[in-house]
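Predicted, not measured: the structure shown is a model, and the values here were computed from it. These values consider heavy atoms only, across backbone and side chains, with no hydrogens, waters or symmetry-generated copies. Labels below follow one simple rule: chain letters A, B, ... track the order of the sequence lines, proteins then strands, and each chain is numbered from 1.
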Amino acid sequence: MNLPEATNFIEQYINEELEQGKFESVGNQICVRFPPEPNGYLHIGHVKALCINFGVKEKYHGKLNLRMDDTNPAKEDYEYVNSIVDAVKWLGFEYDNLFFASDYYDKLYEIAEKYITDGNAYVCDLSAEEITATRGTLTQPGVESPYRNRSVEENLKLFREMKAGIYPDGAKVLRAKIDMSSPNLNMRDPVLYRIAHVPHYRQGDKWCIYPMYDFAHPISDAIEGITHSLCSLEFENHRPLYDWVIDKAGFPAPRPRQIEFARLNITNMLMSKRYLKKLVDEGFVRGWDDPRMPTLMGLKNRGVPPEALKKFCADVGVAKNYGVVSLAQLDECIRDCLNTTAERAMGVIDAVKLTITNYSGEEELEFEKNPTDGSGAMRNVKFTGSVYIDRDDFAIEPPHKFKRLYKGGFVRLKSAYIVRCDDFATDEDGKVSEIFCTYFPETRSGSTVKSEIKAKGVIQWVDAKYGVKTEYRQYQPLLKDEQYPDQDYAERLNENSERIFFGYAEPYIAESEEGKPFQLMRTGYYKKMTSENGGLILSEIVSLKDNFNK
RNA sequence: UGGGGUGUCGCCAAGCGGUAAGGCACGGGAUUUUGAUUCCCGCAUUCGUAGGUUCAAAUCCUGCCACCCCAGCCA
């Protein structure tokens with residue numbers, strides 16, 4: 001696993017601290033964490049954070065904790081924690097511990113009481129609206145809460161009563177006592193604990209007060225001995241609070257250092273959790289793991305190898321600039337990875353019969369399983385002179401530079417023979433119904449006999465007798481469009497995002513290992529296969545019907 | 001408008017005072033039984049901008065400009 005190239009600035013910080021001896025007391029062991037909230041499935045945007053954190057772990061022979069940041073019981077569930085664990089494992093990352101912020105609730109509560117005792121926190125009776133109203137604005141300082149100077153005893157009593165459940169939701173909160181006139185709004189007496197009479201998926205009814213992110217996260221890091229808390233740019237404004245919270249809690253040095261980096265954005269890629277959830281909840285897709293989804297499980301089902309995602313992150317790098325990487329870069333990583341790993345097979349989607357008029361009998365031809373993996377593994381394909389080809393590979397009126405078949409033209413049937421089209425038949429709609437060709441025996445694949453016959457193009461085919469009737473499902477990944485976001489987005493996205501085709505495939509496909517990605521050979525369809533032209537691994541074989549001819 | 005960030009090729013991104021890496025995209029050529037792959041070759045005299053310091057600046061200083069983040073009892 002490679003650390004993304006441009007992790008330099010993070011490495012620089014760590015190296016400097018190491019040189020200064022900041023971590024000598026902890027044996028110079030670097031410890032990081034990946035802290036998702038289990039309120040949704042991991043998507044491609046999370047891979048970057050995963051790569052950075054696991055990259056640091058590996059580089060410094062450190063440790064990494066996977067920690068569920070589950071401090072908001074209203075949104076979280078085991079379904080999500082399981083999906084997150086599965087996704088991390090699918091990517092091939094090995095974490096050292098699986099922790100839950102909710103396991104620290106007791107400790108967190110204890111520290112909250114210490115804050116009160118030390119005069120660093122107070123119970124505030126203001127309503128949410130009142131707190132907002134007294135927070136001030138970007139340019140004006142806030143107003144101190146009238147409850148700000150309650151005695152330690154009263155605060156303790158009130159906080160314990162909050163915990164005991166005698167107050168309804170929203171009646172009171174615990175606030176940090178910092179500075180209502182700080183230019184950083186996060187420091188204007190932020191809320192530390194709120195009342196929520198909501199059962200927690202792991203803690204049940206044990207609690208009715210829950211810690212806020214700004215309190216729970218730094219403390220969790222400190223408890224676990226995290227040395228570097230890597231997060232995205234929007235938390236830069238929280239760093240002073242992060243430091244304050246840990247310092248006031250009284251943890252021994254070294255204090256974990258929060259370092260921020262820019263999150264991953266990809267052009268045309270839908271990554272808003274709100275819409276992804278809408279697509280799932282309203283049934284526009286079959287689930288979080290639908291191949292059209294940008295979730296890791298969706299990508300997996302689409303045939304994207306985890307290595308491609310890691311390469312992508314390494315190529316893209318890490319910096320603090322807000323940037324949007326083009327989808328083409330992701331596509332390239334997927335193509336690159338698949339090129340050397342995916343086995344090839346022939347299949348046609350919109351089939352047209354091609355009959356070789358001067359061929360009789362049948363034979364077995366050799367076909368390389370993957371011409372680029374270096375294995376040289378071969379498979380056999382039966383050929384009877386009567387085949388199906390893709391409609392797109394034949395043109396009645398060939399466009400300029402058309403390399404495939406047309407009347408009077410030559411083309412090679414991949415791994416078989418060069419054929420010449422002599423004629424074709426059409427149905428009443430004018431659609432080509434059958435193509436008649438002559439084949440040239442001396443052009444047999446692998447033949448050492450020199451032939452005058454040349455073909456510019458090569459097309460794939462499926463034998464009419466031995467081919468297998470196939471139902472293909474083709475997916476268009478869900479991409480943002482120019483009107484995004486609007487209310488009809490989900491509906492619009494769904495249109496044409498999934499199509500069923502009936503075609504033919506060589507029997508080899510049916511024998512393939514389950515879950516192994518296949519690059520369906522698509523001669524001439526696309527110059528390059530991309531997510532946007534629908535050419536990149538978007539086909540899946542839904543069902544195979546044996547021996548349709550019999 | 002206060003504070004925190006960021007500005008280097010169409011898109012990412014190195015660079016940290018010594019004279020602009022790399023990837024993607026793009027263009028040209030060679031090989032090719034996937035119009036794929038592979039393979040060459042090309043692609044910023046210029047680093048948001050205006051000044052200043054220096055023998056020397058994308059790198060240091062100053063002033064502007066642009067964009068992003070922050071006023072959840074979300075994370």
Side-chain angles (χ1 to χ4, degrees), chain A residues 4-6 8 12 35-37 39 69-72 74-75 124 126-129 131-142 169-175 181-188 190-196 209-210 212-214 216-217 231-240 260 262 264-267 311-312 314-333 335-336 339-340 344 346 367-368 371-372 401-404 412-418 443 445-446 455-460 519-529:
Chain A
E5 285 297 331
N8 305 10
Q12 260 175 36
E37 183 189 13
N39 67 346
D69 227 349
D70 52 359
T71 53
N72 184 358
K75 295 179 169 181
C124 181
L126 257 24
S127 69
E129 299 70 42
I131 287 179
T132 301
T134 53
R135 183 150 24 224
T137 66
L138 296 178
T139 51
Q140 294 169 314
D169 291 4
K172 284 177 169 42
V173 290
L174 182 73
R175 289 229 255 170
S181 60
S182 169
N184 182 341
L185 307 226
N186 293 303
M187 301 298 272
R188 318 241 262 227
V191 172
L192 265 21
Y193 264 92
R194 78 284 214 179
I195 300 171
I209 57 171
Y210 292 93
M212 300 291 290
Y213 166 86
D214 280 317
H217 196 87
C231 62
S232 49
L233 249 27
E234 65 263 36
F235 292 104
E236 278 177 324
N237 296 326
H238 294 246
R239 198 189 325 131
E260 309 83 7
L264 179 63
N265 291 294
I266 302 173
T267 57
K311 179 184 190 300
F312 175 64
D315 285 0
V316 160
V318 194
K320 299 193 77 161
N321 304 357
Y322 172 86
V324 185
V325 184
S326 58
L327 224 204
Q329 189 138 6
L330 206 214
D331 286 343
E332 162 56 23
C333 291
R335 268 189 249 114
D336 184 64
N339 185 42
T340 52
R344 314 298 153 88
M346 296 194 291
F367 201 119
E368 211 164 350
T372 60
K401 288 195 173 175
F402 188 70
K403 292 174 69 171
R404 288 159 282 152
R412 174 175 287 281
L413 296 179
K414 173 94 180 157
S415 242
Y417 299 94
I418 291 178
T443 62
S445 180
K456 277 185 187 157
V458 181
I459 64 173
Q460 62 177 316
Q519 181 182 346
L520 194 63
M521 300 186 57
R522 317 194 74 186
T523 27
Y525 269 61
Y526 307 103
K527 215 170 181 182
K528 256 184 187 158
M529 300 184 292

Contact list (N/O, under 3.5 angstrom) for nucleotides 65-68 of chain B vs protein:
none

Provide the distance between the two [atom1] atoms, one in [N] and one in [M], to the nearest whole Å.
N	M	atom1	value
B/C9	B/U46	P	13 Å
B/G17	B/C12	C1'	27 Å
B/G22	B/U62	P	33 Å
B/U32	B/A36	P	14 Å
B/U6	B/A13	P	13 Å
B/C61	B/G23	P	32 Å

For atom [atom1] of [X] and atom [atom2] of [N], their distance in whole Å:
X	N	atom1	atom2	value
A/N186	B/C74	CG	P	14 Å
A/E368	B/U32	CD	P	16 Å
A/Y213	B/C70	OH	C1'	14 Å
A/K414	B/G35	NZ	C1'	13 Å
A/L233	B/G5	CG	P	10 Å
A/E129	B/C73	CD	C1'	10 Å
A/F235	B/G5	CZ	P	16 Å
A/I195	B/C73	CD1	P	14 Å

Could you go over nucleotides 39-42 of chain B and give all protein N or O partners under 3.5 Å, atom names and distances?
none

Using a heavy-atom cut-off of under 4.0 Å over every strand shown, decide if [X] touches base, sugar-phosphate, or nothing.
X	result
A/P371	base
A/I131	base
A/K401	base
A/G323	sugar-phosphate
A/I266	nothing
A/S127	base
A/K403	base

With sequence neighbours excluded, residues passing side chain to side chain donor-acceptor pair (under 3.5 Å) with A/S445: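 A/S445: no side chain to side chain donor-acceptor pair (under 3.5 Å) contacts found.
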My understanding is that only residues two or more places apart in sequence, or in another chain, count here; which of them pass side chain to side chain donor-acceptor pair (under 3.5 Å) with A/N72? none
Nearest to the [X] side chain among [options], which nucleotide is it?
X	options	value
A/S445	B/U33, B/A14, B/A75	B/U33
A/N72	B/C74, B/U33, B/A13	B/C74
A/Q12	B/A75, B/G35, B/G15	B/G15
A/F402	B/A13, B/G35, B/C74	B/G35
A/R135	B/C74, B/C73, B/U38	B/C73

Interface polar pairs with nucleotides 2-4 of chain B, N/O, under 3.5 angstrom:
from : atom 1 : to     : atom 2 : distance (Å)
B/G2 : N9     : A/L138 : O      : 3.2
B/G2 : N2     : A/P183 : O      : 3.1
B/G2 : N3     : A/L138 : O      : 3.2
B/G3 : N2     : A/N237 : OD1    : 3.1
B/G3 : N2     : A/N237 : ND2    : 3.2

Determine which nucleotide pairs with B/G27, using a 3.5 Å limit on both distances of a Watson-Crick or G-U wobble pair. B/C41
In the structure shown, which nucleotide is the Watson-Crick or G-U wobble counterpart of B/C67, with both distances under 3.5 Å?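 Checking every strand shown, B/C67 finds its partner in B/G5, with both distances under 3.5 Å.
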So does A/S415 reach the base of B/U33 with its side chain, donor to acceptor, closer than 3.5 Å? no
Would you say A/K320 has more than 12 foreign heavy atoms packed within less than 6.0 Å of its NZ?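 Enclosed.
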Could you pull out the protein-nucleic contacts involving nucleotides 22-25 of chain B (nitrogen or oxygen on both sides, under 3.5 Å)?
from  : atom 1 : to     : atom 2 : distance (Å)
B/G23 : N2     : A/Q329 : OE1    : 2.7
B/C24 : O2'    : A/Q329 : N      : 3.4

